[in-house]
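Remarks on the structure that follows.
All values derive from a computational prediction rather than experimental measurement. Start at 1 with the first residue, then count along the sequence.
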Amino acid sequence: MSSLKSTPAPDFRRLFEAAPGCYLVLTPDLIIVAVSDAYLRATLTTREGLLGHGLFDAFPDNPDDPEANGVRNLRSSLERVLRDGRPDTMAVQKYDIRRPESEGGGFEERHWSPVNSPVFGADGEVAFIVHQVEDVTHLVRLERRGHELDETIRELSIRGEEHLGQVLNAAPDAMVVVDTEAKIRFANKQVEMVFGYGRTELLGQPVAVLIPDAFRAAHLLHVRRYFDKPTTRTMGSGLELFGRRKDGSEVAIEVSLSPLTIDGRLSVTAAIRDITERKRLTLEASLSAARLASAVESIQDAFALFDDRDRLVLCNSVYRRLLAGALHGALVGRRYEEILDAWLPELDFADGAQRTRFRAERLSGRRATKVEFDVRTRDGRTLRVIDRPTPEGGVVKTIWDLTDDARLTAELRDARAAAETANRAKSEFLSSMSHELRTPLNAILGFSQLLERDKKEPLTPRHRERVAQILKGGEHLLRLIDDILDLSRIEAGGLSISTEPVDALGVLEETRTTLGPAAEKAGVKLELSVTAADLPMIAVDRTRFAQIVMNFGSNAIKYNRPGGKATFVVSAPSAGRVRVTVCDTGVGIPANKQSLLFQPFQRAGQEAGPIEGTGIGLAITKRLAELMQGEVGFRSRHGEGSEFWVEVPAHASRVGSPIPPSFHEVVGRLGEQGHALVVYVEDDPANVTFMEHLLGTFENLELVVAHTAEEGVAIARARRPRVIILDINLPGMDGLSALRILREQPETAAVPVIAVTAAATERDRRRGEEAGFYRYLTKPLKVADLEAVLDALVAQPRAGAGLAPLSHPAVETGES
């Protein structure tokens with residue numbers, strides 16, 4: 001007892017202040033009267049700054065936090081303690097603490113767990129309140145970080161699902177996620193295009209809605225078995241599957257399956273591919289392959305295709321039959337060298353060296369270029385083999401059996417030879433016929449002209465009319481002969497065309513002058529119209545072009561009416577072309593006859609009419625125009641008139657070829673220059689008599705007749721005549737040979753020689769031009785033409801060197 005008394009009493013204030021907890025002692029009016037050191041450290045305050053101060057003066061709310069409610073909540077708790085006299089435990093409070101100015105001032109976020117307890121006095125009233133707090137700021141922050149982490153995890157989870165959805169939506173195939181209850185949990189955009197459903201329509205629906213009715217029961221079993229043993233199944237597993245669209249139609253599909261775990265639950269991802277287009281293409285490819293095989297099989301010749309390794313990949317039955325005796329078994333897959341070696345014994349070779357050379361040539365470079373060769377088989381067949389390389393490095397081989405072709409070729413060659421022989425015989429016959437007809441016609445027309453021109457014993461009007469009919473008939477017969485010969489030469493390809501620059505207007509002026517008398521007699525007016533401002537030259541054979549225009553103009557007169565008009569119109573319808581149109585106001589051509597024009601011996605309904613014609617002229621004009629790279633055409637209205645045109649190429653030259661002189665334009669009078677000797681070589685008595693009568697009217701001309709070429713040459717050398725008139729077809733030496741001799745002899749080299757002959761074909765005329773005749777006149781002879789030539793020659797003085805042939809010998813045909 002005595003020891004206890006000697007022990008000093010404890011300092012409770014110091015004990016309180018040193019307590020490890022955070023304590024604050026308040027009076028009932030909330031004045032701070034005591035504070036523990038731990039509280040001071042926790043609140044960053046000092047004892048001097050707190051003791052004697054009001055609680056809320058020392059610890060106000062954070063003015064920067066509009067949601068701060070620490071003062072209000074703490075005041076309510078303290079009021080409850082004073083009122084109820086019981087401790088009050090508060091929820092964790094956010095109560096920010098003001099930092100000292102030495103540490104930067106401002107408020108620092110703090111979280112507290114407060115407990116307020118009453119201390120009673122002797123009177124039983126609350127004398128003090130002990131305010132105990134625990135700083136739980138770090139716990140709150142940890143809890144907040146945990147919440148943030150949970151939120152992050154949740155967001156990542158959502159984000160992952162969204163990313164998975166984006167990935168599935170970006171997939172080229174329709175993607176469906178199905179759970180263990182066979183319900184659709186996810187569908188991507190491609191599902192809408194394949195099946196026609198909206199994605200939201202399918203979520204939660206049984207996957208069976210995408211299965212055709214006939215397969216639903218079996219599909220449900222497949223789903224159950226799959227979830228029992230989930231495995232990955234790739235596309236193209238060989239199953240032929242179909243899906244059902246929203247409209248009930250079916251679609252061919254392929255499906256791959258992959259197990260997938262989501263939130264710990266097993267699902268299956270189905271990738272669905274619409275293979276409708278692929279099946280269509282496959283079907284088309286199969287059909288194309290079948291057609292190709294059918295086409296290859298239908299080829300009547302042997303056909304084979306080798307690949308880039310020279311192996312046979314395709315052939316037809318003809319090729320298989322060709323090798324039937326050489327190879328047995330399947331051919332496809334065999335190498336070309338093997339097939340060639342098996343086929344060689346079937347081929348015919350002169351010797352072993354030829355066989356070896358043939359084999360080497362066939363195997364070298366066959367895939368580089370096209371190769372073509374012929375072979376003969378031992379059974380006498382002729383085959384043509386063609387190897388063509390393909391872009392892929394293979395070879396297409398075709399083998400034609402030319403046995404029948406070779407036989408037909410030989411037959412055709414024989415037939416062509418026979419046709420050419422017949423054509424030559426026809427030409428010779430026509431030439432002979434022309435000669436034989438022209439010779440008597442020469443006498444008929446010649447004597448008729450003499451009778452008509454006889455001034456010593458003029459014909460009576462009655463006889464003159466009869467002679468005119470003889471001349472008319474003879475000239476018509478001559479035109480018929482000339483037309484038939486022209487047509488024959490054109491069809492036989494024996495008519496030569498000499499293209500030159502020609503002045504179309506010049507030809508038309510000559511044609512109008514020539515046709516003037518006939519037009520005047522028929523009462524038809526001839527006119528010329530030019531519609532092109534700068535008319536170019538034309539590229540034609542002048543003689544043949546004039547023949548076309550003359551034919552059109554003659555018809556325009558013949559088939560016109562008294563008081564009518566025939567107009568020659570020249571135009572340039574397009575660049576590089578010139579057209580000559582002959583328009584008439586005549587009877588026209590019936591529509592049902594127009595298709596017959598330009599055909600031989602067709603006169604469009606005028607065959608029995610009074611107008612003369614052969615029906616050959618238009619056919620000849622058409623062929624002549626085509627030979628000159630031109631064309632002809634017409635337009636006609638029955639009862640109103642016709643238009644016939646010829647269109648020919650223009651010539652680049654602006655200068656035309658010289659126009660041959662007309663005999664009718666030669667000035668001079670036969671017989672005014674004194675005595676002249678003319679030697680006439682002719683074997684036909686009638687023609688000799690005609691020439692004697694013709695030249696007998698001129699007193700200063702002496703005519704000497706020779707009946708053979710040999711006799712004529714001898715007379716000419718002996719007497720040196722002024723002119724020699726020479727027939728071509730003579731007994732013994734012909735006229736061409738005689739001309740060569742005359743040119744070689746000095747006595748006769750300069751004597752002009754005129755050909756007067758019935759040889760009037762194009763070939764004959766060309767030979768005459770090349771031989772060097774001064775003039776080449778054909779029978780029947782026009783008296784005026786011969787007179788003009790003789791007048792020109794006899795009127796010229798004889799020179800020592802004589803007269804040379806003209807640079808462009810004119811050829812007169814006797815055509816009317």
May I ask you to say whether D387 pairs ionically with K397, meaning some side-chain N is under 4.0 Å from a carboxylate O?
yes
Are more than 12 heavy atoms, taken from residues, nucleotides or ligands other than K94, located less than 6.0 Å from that residue's NZ atom?
yes
Any sub-3.5 Å donor-acceptor pair from S36's side-chain atoms to Y23's backbone N or O?
yes
Distance-only, no hydrogens or angles: does the R244 side chain make a donor-acceptor pair with backbone N or O of P212 under 3.5 Å?
no
Do you know the tightest heavy-atom contact between V255 and L241?
CG2-CD1, 3.9 Å
Could you point out which residue of T137, D96, D135 forms a side chain to side chain donor-acceptor pair (under 3.5 Å) with R110?
D135
Between the side chain of S76 and the main-chain N/O of R72, is any donor-acceptor distance below 3.5 Å?
yes
Would you check, one step at a time, whether the test salt bridge (charged side-chain N to carboxylate O under 4.0 Å, His left out) holds for R80 with D88?
CA-CA 7 Å; R80 285 195 296 273; D88 187 75; 2.9 Å; yes
Test side-chain contact (heavy atoms from CB on, under 4.5 Å) on H131 and L74; report intermediate values, then the result.
CA-CA 10 Å; H131 175 60; L74 179 57; 3.6 Å; yes
With a 4.5 Å heavy-atom cut-off, do L266 and P259 have their side chains touching?
yes
Answer yes or no on whether R362 is positioned over the face of F373, meaning its NZ or CZ is under 6.0 Å from the six-membered ring centre and within 45° of the axis.
yes
Any chance you could measure Q190, atom CD, to I272, atom CD1, to the nearest 0.5 Å?
11.5 Å
State, yes or no, whether a side-chain contact exists between V395 and T390 at a heavy-atom distance under 4.5 Å.
no
Say whether, by atom type as modelled, one donor and one acceptor occur between the side chain of T382 and the main chain of R376 under 3.5 angstrom.
no
Quick one: closest heavy-atom pair of P100 and L44, and the distance?
CG-O, 3.7 Å
Side-chain touch E361/R357, heavy atoms, less than 4.5 angstrom:
yes
So do E337 and L363 actually touch side chain to side chain, heavy atoms under 4.5 Å?
yes
When you check the gap from the basic side-chain N to the acidic O, do R384 and D374 get nearer than 4.0 Å?
yes
Let me confirm one number: the OG1-NZ distance from T276 to K279, rounded to the nearest 0.5 Å.
8.0 Å
What are the two closest non-hydrogen atoms of C315 and L331, and how far apart are they?
SG-CD1, 4.5 Å
Quick one: does I129's side chain get under 4.5 Å of T27's, heavy atoms only?
no
Looking at every non-hydrogen atom in both residues, tell me the closest pair between N188 and F186 and how far apart they are.
N-CE2, 3.8 Å
Is there a donor in the side chain of N316 and an acceptor in the side chain of E297, or the other way round, less than 3.5 Å apart?
no
Take F306 and Y336 through the test ring pair (Phe, Tyr, Trp, His ring centres under 6.0 Å) and record every step on the way to the result.
CA-CA 8 Å; F306 292 84; Y336 173 70; 5.5 Å; yes
On a heavy-atom basis, the closest approach of R86 and V81 is O-CG2, 3.5 Å
Taking D65 for the side chain and E67 for the main chain, is one N or O donor matched with an acceptor at less than 3.5 Å?
yes
Sidechain N-carboxylate O distance under 4.0 Å for E103, R98:
no
Donor-acceptor under 3.5 Å (T43 side chain, Y39 main chain):
yes
Return yes if some donor-acceptor pair links the side-chain N/O of R334 with the main-chain N/O of I339 below 3.5 Å, else return no.
no
Report the distance from atom CD1 of I184 to atom OG of S267, rounding to the nearest 0.5 Å.
12.5 Å
Is the number of heavy atoms from other residues, nucleotides or ligands within 6.0 Å of CZ (F16) greater than 12?
yes
Can D11 and R13 be counted as an ion pair, charged N to O under 4.0 angstrom?
no
For atom CH2 of W400, decide whether the heavy atoms of other residues, nucleotides or ligands shown that lie under 6.0 angstrom number more than 12.
no
Can you measure from CD1 (I386) to CD (E372) and round to the nearest 0.5 angstrom?
4.0 Å
Would you give the length of the straight line joining atom NZ of K246 to atom CG of L210, rounded to the nearest 0.5 angstrom?
12.0 Å
So, do L26 and V33 sit near enough that their side-chain heavy atoms are less than 4.5 Å apart?
no
side-chain contact (heavy atoms from CB on, under 4.5 Å) assessment of T269 paired with V177:
CA-CA 4 Å; T269 300; V177 178; 4.0 Å; yes
So does H53 get a backbone contact from the side chain of D57, meaning a donor-acceptor N/O pair under 3.5 Å?
no
Regarding E284 and R280, does a basic nitrogen lie under 4.0 Å from an acidic carboxylate oxygen?
yes
Test side-chain contact (heavy atoms from CB on, under 4.5 Å) applied to I97 and F107, step by step
CA-CA 5 Å; I97 298 300; F107 283 80; over 6 Å; no
In the structure I gave you, are the side-chain heavy atoms of E134 and C22 within less than 4.5 Å of one another anywhere?
no
Under the 6.0 Å and 45° cation-pi test, does R14 pair with F12?
no
Under-4.0 Å salt bridge between E254 and R278:
yes
Atom CG of D173 and atom CD1 of I275: how far apart are they, to the nearest 0.5 Å?
11.0 Å
Quick test of your reading of the model: are R47 and E17 salt-bridged, counting only N-O distances below 4.0 Å?
yes
Hey, does the side chain of Q132 reach the backbone of V130 with a donor-acceptor pair shorter than 3.5 angstrom?
no
May I ask you to check whether N116 and S77 show a side-chain donor-acceptor distance below 3.5 Å?
yes
Carboxylate-amine/guanidinium contact D228 R225, below 4.0 Å
no
Give a yes or no on this: more than 12 heavy atoms of other residues, nucleotides or ligands lie within 6.0 Å of atom CD of E277.
yes
Side-chain donor-acceptor pair under 3.5 Å between T398 and D301, yes or no?
no
D341 and R359 ion-paired at < 4.0 Å:
yes
Taking R141 first and then E109, would you say they form a salt bridge - that is, a charged N and a carboxylate O separated by under 4.0 Å?
no
With a 4.5 Å cut-off on side-chain heavy atoms, are R216 and D213 touching?
yes
Is the F349 ring parallel, tilted or perpendicular to the F358 ring (thresholds 30°, 60°)?
tilted
What is the ring orientation for F215 with F242, classed by angle as parallel under 30°, tilted 30 to 60°, or perpendicular over 60°?
parallel
Heavy atoms only: give me the nearest I399-L322 pair and the separation to one decimal.
CD1-CD2, 3.4 Å
Can a donor-acceptor pair be found, under 3.5 Å and without considering hydrogens, that links the side chain of W112 to the backbone of V136?
no
Applying side-chain contact (heavy atoms from CB on, under 4.5 Å), run through T180 and V268 and close with a yes or a no.
CA-CA 8 Å; T180 54; V268 58; over 6 Å; no
